[in-house]
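Take a look at the structure below.
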Amino acid sequence: MVEESIQKGGIYKLVIELSKNKEIKIGKLGTFVFPKGYYVYTGSAQNGLEKRINRHLSSDKKFHWHIDYLLAYAKVINVLTYVGKKDECRINSMTGQKKSATRIVKKFGSSDCDCVTHLYYFKNIPTDFTDSC
């Protein structure tokens, strides 16, 4: 990517694959059973989108965000970015409105907003999450 994009902020969606059912402790939220399948997590980084995404892709990090706990057992298979956008909750709600979207953990990634969650589960991956924006 060009150097300029490192400084830009925006919204991102991580498309995640969990290869088997797994019980995972998510920080202070508690322990939950995550079914095998696909997850879409919506986040934002208004000062350094690329840096935030690279952190999520790294396995060498301290756990800070809810998503860090899930990513210890799952892998990111796609990243969708919305550079310059600041409407994380609206973009997240579009994911949650998909017919097959299921909420597994209330307040996952959404402790600083009014959204029910920023992580949705899909048994099968929706086709619009397979190609990057």
Side-chain angles (χ1 to χ4, degrees):
M1 290 197 171
V2 276
E3 188 69 27
E4 182 181 324
S5 69
I6 294 173
Q7 302 305 318
K8 289 187 179 179
I11 310 301
Y12 60 91
K13 287 185 184 183
L14 302 178
V15 182
I16 301 161
E17 182 179 21
L18 184 63
S19 62
K20 62 183 180 178
N21 295 345
K22 185 71 179 165
E23 185 175 86
I24 304 172
K25 183 177 186 314
I26 305 295
K28 295 178 183 176
L29 289 178
T31 302
F32 303 88
V33 174
F34 289 81
K36 173 185 174 179
Y38 300 91
Y39 294 82
V40 177
Y41 172 76
T42 305
S44 69
Q46 295 308 319
N47 295 307
L49 185 59
E50 185 177 347
K51 183 177 178 183
R52 175 68 56 82
I53 292 167
N54 286 338
R55 183 196 182 281
H56 288 317
L57 297 176
S58 170
S59 59
D60 183 28
K61 62 187 166 211
K62 290 185 179 181
F63 289 9
H64 177 72
W65 288 291
H66 297 145
I67 192 64
D68 295 336
Y69 297 89
L70 176 59
L71 292 178
Y73 301 97
K75 68 177 182 175
V76 175
I77 60 171
N78 198 13
V79 178
L80 305 159
T81 59
Y82 309 85
V83 176
K85 301 284 185 184
K86 296 185 180 193
D87 45 2
E88 174 184 2
C89 295
R90 185 183 66 76
I91 290 171
N92 175 65
S93 72
M94 291 168 38
T95 301
Q97 290 172 12
K98 293 189 176 299
K99 244 184 178 174
S100 58
T102 304
R103 173 181 48 92
I104 302 296
V105 181
K106 187 176 180 181
K107 296 311 282 178
F108 189 107
S110 61
S111 53
D112 61 348
C113 69
D114 292 331
C115 295
V116 174
T117 189
H118 274 220
L119 179 76
Y120 289 97
Y121 166 75
F122 298 87
K123 185 174 182 176
N124 299 300
I125 190 167
T127 56
D128 55 332
F129 293 138
T130 58
D131 296 322
S132 293
C133 291

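Residue indices begin at 1 and follow the sequence shown.
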How about Ile125 and Asn78: do any of their side-chain heavy atoms sit closer than 4.5 Å? no
With side-chain hydrogen bond (donor to acceptor under 3.5 Å, both in side chains) as the rule and sequence neighbours excluded, what pairs involving residues 109-123 come up? Glu88-His118
For Lys86, give me all partners under salt bridge (Lys or Arg N to Asp or Glu O under 4.0 Å), at least two apart in sequence or on another chain. none
Atom pair CG/CD1 of Leu80 and Ile11 - distance to nearest 0.5 Å: 12.5 Å
Heavy atoms of Arg52 and Ala45 approach each other most closely as CB-CB, 3.6 Å
One pair to check against side chain to side chain contact (heavy atoms under 4.5 Å, CB included): Ile104 and Tyr39. What are the steps and the verdict? CA-CA 10 Å; Ile104 302 296; Tyr39 294 82; 4.0 Å; yes
Side chain to side chain contact (heavy atoms under 4.5 Å, CB included) evaluation trace for Ile67 with Ile16: CA-CA 10 Å; Ile67 192 64; Ile16 301 161; 3.6 Å; yes
Does Val79 belong to the same Ile/Leu/Val/Met/Phe/Trp/Tyr cluster as Met94, with side-chain heavy atoms less than 4.5 Å apart forming each link? no
Identify each donor-acceptor pair in which a side-chain atom of residues 23-36 lies under 3.5 Å from a protein atom, sequence neighbours left out, and give them as a table.
from: Lys25; atom 1: NZ; to: Gly27; atom 2: O; distance (Å): 2.7

Strictly by side-chain hydrogen bond (donor to acceptor under 3.5 Å, both in side chains), give each pair with a member in residues 60-76 just once, sequence neighbours left out. Arg55-Asp68
Sequence neighbours excluded - side-chain hydrogen bond (donor to acceptor under 3.5 Å, both in side chains) pairs with any residue from residues 94-108: Lys13-Thr95, Lys98-Asp128
If you compare all heavy atoms of Cys115 against all heavy atoms of Asn92, which two are closest, and at what distance to 0.1 Å? SG-ND2, 3.9 Å
Walk me through it: do Val105 and Leu70 pass the test side chain to side chain contact (heavy atoms under 4.5 Å, CB included)? CA-CA 11 Å; Val105 181; Leu70 176 59; over 6 Å; no
Return the set of residues passing ring pair (Phe, Tyr, Trp, His ring centres under 6.0 Å) with Tyr38 (not counting sequence neighbours), or none when no residue passes. none
Can you pull out every ring pair (Phe, Tyr, Trp, His ring centres under 6.0 Å) where at least one residue sits in residues 8-31? Sequence neighbours excluded, please. Tyr12-His56
Same cluster for Val116 and Phe122 if Ile/Leu/Val/Met/Phe/Trp/Tyr side chains link at under 4.5 Å? no
